[in-house]
Amino acid sequence: MHSYVLLLFSYVFVALAANGRWVNTWTSMPQLTESANLPNPPFNGSTAVFVNSTLRQTLHMSIGGNQTRVRFSNVFGVNNLEITAATIALPLNGAPGSSAIDVSTLRTLTFSGNTNFSIPNGALVVSDPVDFPIQPQSTLTVTMYLQDGQDGFSITSHPGSRTTTWMSFGDLVTASNITSSSVTSVEHWYFVSAVEVWSNSSSTSAFAIIGDSITDGRGSDDNKNNRWPDLVLARMQQNEATSQIAVNNQAAGGNRVLADGLGPNALGRIDRDVLAQSGVKYAMIFEGVNDIGVADSSEESQSLIGDQLISAYKQIVTRIHTFGIPVFAATITPFGAPSSTIQPYSNPVREATRQRINAFIRTPGSFDYFIDFDKVLADPNNPSQLNPAFNSGDFLHPNVDGYEAIANSFPLDIFEQFSGEISMF
């Protein structure tokens, strides 16, 4: 009976998609905000955050559409998130991280017909559709006002935005620029978790990537959108066969497959960040380095973490395959260094675990397809370390040249190869 229900759901979904559907053009992975990433005073008070505050945030779209919806998340809030007002617009001159907007494009967001909405703890809200043309790879400005802020200090955010967010006191959701004596900026996103566009084309879909700080863009440039998924997107947009596939970056710095830490563990967030997302047709995981690096370097501990990672990967593939979605993977890239003082993960026993995990990823049948990021980034003369040309300085995260190398190695033909649903049974 369970298999029959899943198959029926699949048929109904395909039938609905034939008449059009919503597809995520942008996502960020929601996280519980650590104390160091909460807003600074005066936006962080004694009992609440963002009281009487406007937040203006810019987001890098992937595919285009003529109708738009925005998703706001309160998944980690322990109290209601009261959105008093929200708008969308194009930033002035299309600039990421801009505090100014093109007021001729300004549109008010509503939620179930209301201009405000109280999001319960653990919930999210999707705005009503608004006629708002979005171009591929353009930037969208989302501005929200919280009259009462959010009580407590458990709030939902994405700290690794690599993009400037502006905040000020007062209701400035329609202001042409965020300029006041209280204005300040940070490189974090707060509350906004997805932007969707409506597509009438059955070929429009999304590619969801589960990852850690390397996918989240550590080592990339603020406000330049040169993380490796952004650079893959740029190539996809130049290729007719992939130009209707959105790239959904569901990564977070410090994330692990097996344990919570900086964000929920990957095994636990597959449902939320892949299966529950709009229009996902392809999925990928590039994660595991933090599990290896945080685990003790003893052979016993590393043997156990290797066993658990392989079992978790198998579970992830099984669950995503249930919905007919192919799963790609990338090999774990080097983290060796001249000493563990420079890079704490660096250790020969951990390196052996990395090699073991990469051997599993490369084994036919483990995933539907693998991309060998390890081979792309490794130093040919010392494969346990990053190529010096790609080292951001910490021997773990690539620099922009490294991200470009990853993007240039990414095989775009895999989307055509797996364009049909895989078997669910």
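In this chain, numbering begins with 1 at the start of the sequence shown.
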If you take the centroid of each ring, where Trp contributes its six-membered ring, are [Y] and [X] closer together than 6.0 Å?
| X | Y | result |
| --- | --- | --- |
| Tyr190 | Phe50 | yes |
| Phe43 | Phe169 | yes |
| Phe328 | Phe367 | no |

Is there a donor in the side chain of [X] and an acceptor in the side chain of [Y], or the other way round, less than 3.5 Å apart?
| X | Y | result |
| --- | --- | --- |
| Thr179 | Asn177 | no |
| Ser112 | Asn114 | no |
| Tyr345 | Asn290 | yes |
| Ser168 | Thr54 | no |
| Asn265 | Asp260 | yes |
| Ser199 | Ser201 | no |
| His158 | Asp216 | yes |
| Asn255 | Arg269 | yes |
| Ser118 | Glu82 | yes |
| Trp189 | Thr165 | no |
| Glu34 | Asn37 | yes |
| Arg71 | Ser278 | yes |
| Gln385 | Asp379 | no |
| Gln244 | Thr204 | yes |

Going through the checks in order, is the side-chain contact (heavy atoms from CB on, under 4.5 Å) test met by Leu233 and His60?
-> CA-CA 11 Å; Leu233 169 66; His60 183 56; 4.1 Å; yes
Determine, for [X] against [Y], whether the closest basic-nitrogen to carboxylate-oxygen distance falls under 4.0 angstrom.
| X | Y | answer |
| --- | --- | --- |
| Arg256 | Glu287 | no |
| Arg227 | Glu404 | no |
| Asp307 | Arg356 | yes |
| Asp374 | Arg354 | yes |
| Arg362 | Asp372 | yes |

ask   = So Phe373 and Phe410, would you call those rings parallel, tilted or perpendicular, with 30° and 60° as cut-offs?
value =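 Judged by the thresholds at 30° and 60°, the geometry between Phe373 and Phe410 is tilted.
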Tell me whether [X] contacts the main-chain N or O of [Y] through its side chain, where contact means a donor paired with an acceptor under 3.5 Å.
| X | Y | result |
| --- | --- | --- |
| Ser98 | Ala95 | no |
| Ser138 | Ile134 | no |
| Asn248 | Asn24 | yes |
| Ser311 | Gln308 | no |
| Asp131 | Gln67 | no |

Kindly write out the residues that satisfy salt bridge (charged side-chain N to carboxylate O under 4.0 Å, His left out) with Arg272, not counting sequence neighbours, or none if the list is empty.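 With neighbours one apart ignored, the set is empty.
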Q. Among all residues two or more places apart in sequence or in another chain, which pass the salt bridge (charged side-chain N to carboxylate O under 4.0 Å, His left out) test with Arg218?
A.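 Not a single residue meets the salt bridge (charged side-chain N to carboxylate O under 4.0 Å, His left out) criterion with Arg218.
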Open item on the list: The test is side-chain contact (heavy atoms from CB on, under 4.5 Å); show your working for Leu109 and Thr115 and say whether it passes.
Closed with: CA-CA 6 Å; Leu109 294 180; Thr115 55; over 6 Å; no
Point to revise | Full working for side chain to side chain donor-acceptor pair (under 3.5 Å) between Thr215 and Trp228 | key: CA-CA 7 Å; Thr215 300; Trp228 75 259; 3.2 Å; yes
Given Asn116, Asn52, Thr174, Thr87, the one that forms side chain to side chain donor-acceptor pair (under 3.5 Å) with Tyr145:
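Running side chain to side chain donor-acceptor pair (under 3.5 Å) over Asn116, Asn52, Thr174, Thr87 with Tyr145 returns exactly one hit, Asn52.
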*Hey, mind stepping through Met61 and Thr139 against side-chain contact (heavy atoms from CB on, under 4.5 Å) and telling me if it holds?*
CA-CA 6 Å; Met61 305 294 100; Thr139 300; over 6 Å; no
*Contacts of type side chain to side chain contact (heavy atoms under 4.5 Å, CB included), residue Ser185, not counting sequence neighbours*: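 With sequence neighbours excluded, Ser185 shows a side chain to side chain contact (heavy atoms under 4.5 Å, CB included) to Thr164, Trp166, given in chain and number order.
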Any chance you could lay out the ring pair (Phe, Tyr, Trp, His ring centres under 6.0 Å) test for Phe207 and Phe415, step after step, and finish with the verdict? CA-CA 9 Å; Phe207 169 39; Phe415 297 107; 5.1 Å; yes
